[in-house]
There are 2 protein chains.
Amino acid sequence: MTQSKTDPRVLRTRRLIMDSFIELSAKKEFKDITIKDITTEAMINRATFYYHFEDIYDLLEKALSEVLLVNLNEDVYKTDKLNEEAFIRIFTAITNFQKSLSNRCHRGYEDTIARIIREQLEIIFYKMLVKQSTTEDKEASKINAVILSWGIYGASVEWKRKGMTIPPENFFKPSIPYLLSGIDYGS
Amino acid sequence: MTQSKTDPRVLRTRRLIMDSFIELSAKKEFKDITIKDITTEAMINRATFYYHFEDIYDLLEKALSEVLLVNLNEDVYKTDKLNEEAFIRIFTAITNFQKSLSNRCHRGYEDTIARIIREQLEIIFYKMLVKQSTTEDKEASKINAVILSWGIYGASVEWKRKGMTIPPENFFKPSIPYLLSGIDYGS
DNA sequence: TTCAATGTGTTGTATATACGACATATCGAT
DNA sequence: ATCGATATGTCGTATATACAACACATTGAA
């Protein structure tokens with residue numbers, strides 16, 4: 001809210017960099033992508049890259065966060081209550097994300113990616129929990145968000161381990177009653 | 001040759017502006033397109049527009065020149081000799097250009113467009129004539145280029161007036177012997 | 001007519017980007 | 001181990017773009 005709108009040049013450049021990175025990720029492994037590759041593809045100067053990102057890992061992080069966030073926002077914020085439908089939407093968004101990553105080659109960076117997913121999940125869960133919590137106990141919401149993010153990410157890993165073939169909603173549905181019973185203070 | 005390569009920011013911005021203009025031309029008449037429309041679509045500042053173009057007519061001119069030039073370069077420079085094939089390529093490029101313009105609405109600017117086409121044609125003809133002329137008479141080449149540009153543009157207007165239905169090569173072929181006889185000094 | 005709204009074109013200043021140079025690190029070949 | 005080639009990260013400076021403000025023209029409605 002306090003953020004004054006950012007310079008259009010910045011938005012433009014970040015978009016160019018991120019798009020180029022995603023483009024290149026489809027062709028090469030992450031470890032073979034150089035900063036020069038990215039900036040050449042994006043037609044921006046190499047020094048400009050460092051104006052926006054610490055290094056290539058920082059870019060990976062922010063690019064993935066953004067992609068995931070777009071997925072989540074498209075699917076989730078249609079319903080702002082954390083009910084059965086919302087859980088299924090979120091879980092499906094994550095499995096979609098996992099599927100899209102499994103095409104690209106990010107070998108050796110699974111941990112980074114896992115952390116990014118959990119962080120984004122935590123943010124979203126926290127927002128939704130605070131919004132619908134009747135008490136003012138934000139600490140509890142924070143911890144619950146952590147637990148939910150780890151738990152649901154874990155479920156997506158298990159889904160992946162089973163071959164990514166089971167429809168996400170079928171795989172996940174059995175656990176929903178348990179998850180809902182824990183958080184449904186209101187009503 | 002003497003041009004040192006231009007700043008990538010300039011290329012980027014010009015492309016954004018031109019693409020936005022072409023985009024908007026598909027939706028609105030030229031007279032209803034404002035500078036603000038263009039710069040908003042291109043996501044650049046209005047003042048930046050004036051850094052690159054005198055006004056909207058200047059943009060029209062340069063945008064059309066570029067589109068035409070791309071058409072011509074794609075088709076023409078495969079053969080660098082001004083023979084029957086080259087004439088047909090050029091004439092076809094122009095009729096294609098006329099067709100693409102007839103969809104968009106540039107009512108009231110036909111004269112401007114005509115001038116742009118002739119200017120581009122003249123440049124190309126002049127280059128080719130000088131290249132293949134055995135004598136060093138550049139003045140003659142210049143005048144011949146003028147004559148050819150007006151003549152061939154006129155033919156394309158006639159082709160348009162007849163409904164743009166006749167295949168350009170059929171329409172134009174009968175005149176080629178005459179045109180070739182005039183310029184074929186060499187050999 | 002008058003007035004408000006909108007478009008045009010210009011100017012001064014702040015900031016993002018381009019560019020070249022540099023030091024350092026990494027890596028593959030000899 | 002050494003060397004050339006290539007990638008990383010940083011810096012200073014030049015320049016293109018963003019932005020707000022301005023004067024002026026055009027337009028349409030009261």
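Convention: sequence-line order gives letters A, B, ...; per-chain numbering from 1. The structure presented is a predicted model; accordingly, all values stated were derived computationally and were not measured.
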Geometric class of the Phe91(A)/Trp159(A) ring pair [parallel <30°, tilted 30-60°, perpendicular >60°]: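 It falls in the perpendicular class, over 60°.
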
Options dA18(D), dT15(D), dG9(D), nucleotide nearest the side-chain atoms of Arg9(B):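 Comparing dA18(D), dT15(D), dG9(D) against the side chain of Arg9(B), the answer is dT15(D).
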
Separation of atom OH in Tyr51(A) from atom P in dT8(D), rounded to whole Å: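 It is 21 Å, rounded to the nearest whole Å.
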
Rounded distance (Å) that lies between atom P of dG9(C) and atom CD1 of Ile38(B):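 After rounding, the gap between these two atoms is 11 Å.
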
Phe53(B) and its ring-ring contact (aromatic ring centres under 6.0 Å, His included) partner, picked from Tyr57(B), Tyr50(B), Phe49(B):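 Testing each of Tyr57(B), Tyr50(B), Phe49(B) against Phe53(B), the sole residue satisfying ring-ring contact (aromatic ring centres under 6.0 Å, His included) is Phe49(B).
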
Euclidean distance, atom CG of residue Asp7(B) to atom P of dT17(C) [Å, nearest integer]: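 Taking atom P of dT17(C) as the reference, CG of Asp7(B) is at 12 Å.
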
Which residue lies more 5' along DNA chain D, comparing Pro8(A) with Asp37(A) via nearest heavy atoms: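 First, find each residue's nearest nucleotide; the 5'-ward one identifies Asp37(A).
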
Nucleotide nearest Ile35(B) (side chain, heavy atoms from C-beta), chosen from dG20(C), dC19(D), dT8(C):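 Given the options dG20(C), dC19(D), dT8(C), the side chain of Ile35(B) is closest to dT8(C).
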
Nucleotide dA7(D), atom P - distance to CG of Asp55(A) in whole Å: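 Asp55(A) atom CG is separated from dA7(D) atom P by 17 Å.
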
N/O (side chain, His52(A)) to phosphate O (OP1/OP2, dT17(C)) under 4.0 Å: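 Yes, because at least one side-chain N or O of His52(A) sits under 4.0 Å from OP1 or OP2 of dT17(C).
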
Between C1' of dT10(D) and CZ of Arg46(A), the distance in whole Å: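 For the pair Arg46(A) CZ and dT10(D) C1', the rounded distance is 10 Å.
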
Side chains of Tyr51(B) and Thr13(B) in contact at under 4.5 Å (non-hydrogen atoms):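 With C-beta onward as the side chain, the pair stays apart.
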
Rounded distance in Å - CD1 (Ile56(B)) to C1' (dG9(C)):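 The answer, rounded to whole Å, is 13 Å.
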
Residue Thr48(B), side-chain heavy atoms: nucleotide from dA18(D), dA18(C), dC19(C) that is nearest: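 Closest nucleotide to the Thr48(B) side chain: dA18(D).
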
Presence of Tyr50(A) side-chain N/O under 4.0 Å of dG9(D) phosphate oxygens OP1/OP2: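 Tyr50(A) to dG9(D) OP1/OP2: side-chain N or O found under 4.0 Å.
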
Spacing between Asn45(B) atom CG and dA14(C) atom P, to the nearest angstrom: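 Taking CG of Asn45(B) and P of dA14(C), I get 16 Å after rounding.
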
Arg14(A) CZ - dT15(C) P separation (whole Å):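 Taking CZ of Arg14(A) and P of dT15(C), I get 16 Å after rounding.
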
Lys162(A) to Phe171(A) six-membered ring, cation-pi geometry met (6.0 Å, 45°):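 Verdict for Phe171(A): no cation-pi partner in Lys162(A).
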
Heavy-atom side-chain proximity of Ile88(B) to Ile176(B) below 4.5 angstrom: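 A side-chain contact exists here, since the closest heavy-atom pair is under 4.5 Å.
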
Contact under 4.0 Å: Arg12(A) side-chain N or O vs dA18(D) OP1/OP2: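 Affirmative; the distance criterion is met.
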
